[in-house]
Amino acid sequence: DAGVTQSPTHLIKTRGQHVTLRCSPISGHKSVSWYQQVLGQGPQFIFQYYEKEERGRGNFPDRFSARQFPNYSSELNVNALLLGDSALYLCASSLLPGGQGNTGELFFGEGSRLTVL
Amino acid sequence: DAKTTQPNSMESNEEEPVHLPCNHSTISGTDYIHWYRQLPSQGPEYVIHGLTSNVNNRMASLAIAEDRKSSTLILHRATLRDAAVYYCILRGYSGGGADGLTFGKGTHLIIQP
């Protein structure tokens, strides 16, 4: 079975541009989360979506937005890119958004490496 | 989520056991202890989780202190493929909520051949 797939794997943008990153969850998973990982740091939570609705948001500016489609795939959009947005963007999927005994194992993709020049 | 403290790095030899410590002195009664690891150039991978009792799975064992203020991830026989950053994460029961995982910097495990 395919794992979480993300595209593109690498991309380069310039300051002020906009970027869209895509994620396809594991088949049957209805929850998708997005994380940002800056070099040398652990991943930071950006958003979680479940059944096409935003269920959680981390401490990121409004330039960051996301949505989930009826097939449970997701897009992360970042507007007005800054140099500091350069990072690995990780998508994770799970059956449920968070708890139910907290066996909520997340399955991560390999990420999209964004470089902002 | 409560905070965890891990050593920045640890080194071990191949085929020897590895004990990765994690302190979480402010853990609440409903916090689960999760461990993820991140191999080079990959996304994080779930390893194991527990609440109060020690846990074993095919990847590792998790030993939880009686007062739950610390835990230890045990790799019984390390291989070169276990070289990764290991994250200890506390996760409160959210009952369907959507709080994300709070990753720290983790422990960079180096395995010597």
Side-chain angles (χ1 to χ4, degrees), chain A residues 3-6 9-10 23 25-26 30-60 64 66 68 87-113, chain B residues 1-9 22 27-53 55 57-60 62 64 68 84-108:
Chain A
V4 176
T5 57
Q6 294 187 241
T9 55
H10 295 82
C23 172
I26 290 172
K30 297 182 179 181
S31 179
V32 169
S33 302
W34 287 95
Y35 288 78
Q36 179 196 66
Q37 186 172 24
V38 174
L39 198 62
Q41 305 291 322
Q44 299 298 306
F45 172 66
I46 310 175
F47 286 111
Q48 182 177 89
Y49 277 76
Y50 178 67
E51 290 282 16
K52 302 182 289 283
E53 291 187 2
E54 181 183 308
R55 298 291 294 272
R57 173 186 285 252
N59 188 24
F60 279 80
F64 288 77
Q68 187 177 33
L88 181 67
Y89 288 85
L90 294 160
C91 173
S93 77
S94 59
L95 282 169
L96 297 171
Q100 198 161 25
N102 233 322
T103 57
E105 176 182 348
L106 297 186
F107 296 82
F108 285 83
E110 295 194 351
S112 295
R113 169 80 58 193
Chain B
D1 290 331
K3 186 177 167 130
T4 62
T5 304
Q6 299 177 252
N8 289 333
S9 65
C22 180
I27 191 170
S28 75
T30 56
D31 283 341
Y32 284 75
I33 302 160
H34 286 243
W35 284 81
Y36 280 75
R37 72 179 185 180
Q38 188 170 20
L39 280 64
S41 302
Q42 294 190 23
E45 171 189 33
Y46 168 83
V47 177
I48 200 167
H49 80 281
L51 183 61
T52 55
S53 303
V55 184
N57 68 18
R58 62 174 181 83
M59 288 182 71
L62 176 60
I64 302 172
R68 301 210 326 125
V85 178
Y86 287 78
Y87 297 99
C88 170
I89 300 165
L90 300 184
R91 195 164 189 201
Y93 177 74
S94 55
D99 52 317
L101 295 178
T102 301
F103 289 83
K105 289 190 176 182
T107 297
H108 183 200

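Each chain gets a letter, A, B and so on, in the order the sequences are listed, and its residues count up from 1.
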More than 12 heavy atoms from other groups under 6.0 Å of CD on Glu53(A): no

More than 12 heavy atoms from other groups under 6.0 Å of NZ on Lys52(A): yes

Any donor-acceptor N/O pair, Tyr35(A) side chain to Gly100(B) backbone, under 3.5 Å: no

Which atoms of Gln37(A) approach chain B - backbone, side chain, both or neither, heavy atom under 4.5 Å: side chain

Gap between atom CG of Leu106(A) and atom CZ of Arg91(B) - 0.5 Å precision: 5.0 Å

Closest non-hydrogen atom pair between Leu90(A) and Gly43(B), with its separation: CD2-CA, 3.8 Å

Side chain, backbone, both or neither of Gln44(A) within contact of chain B (heavy atoms, under 4.5 Å): side chain

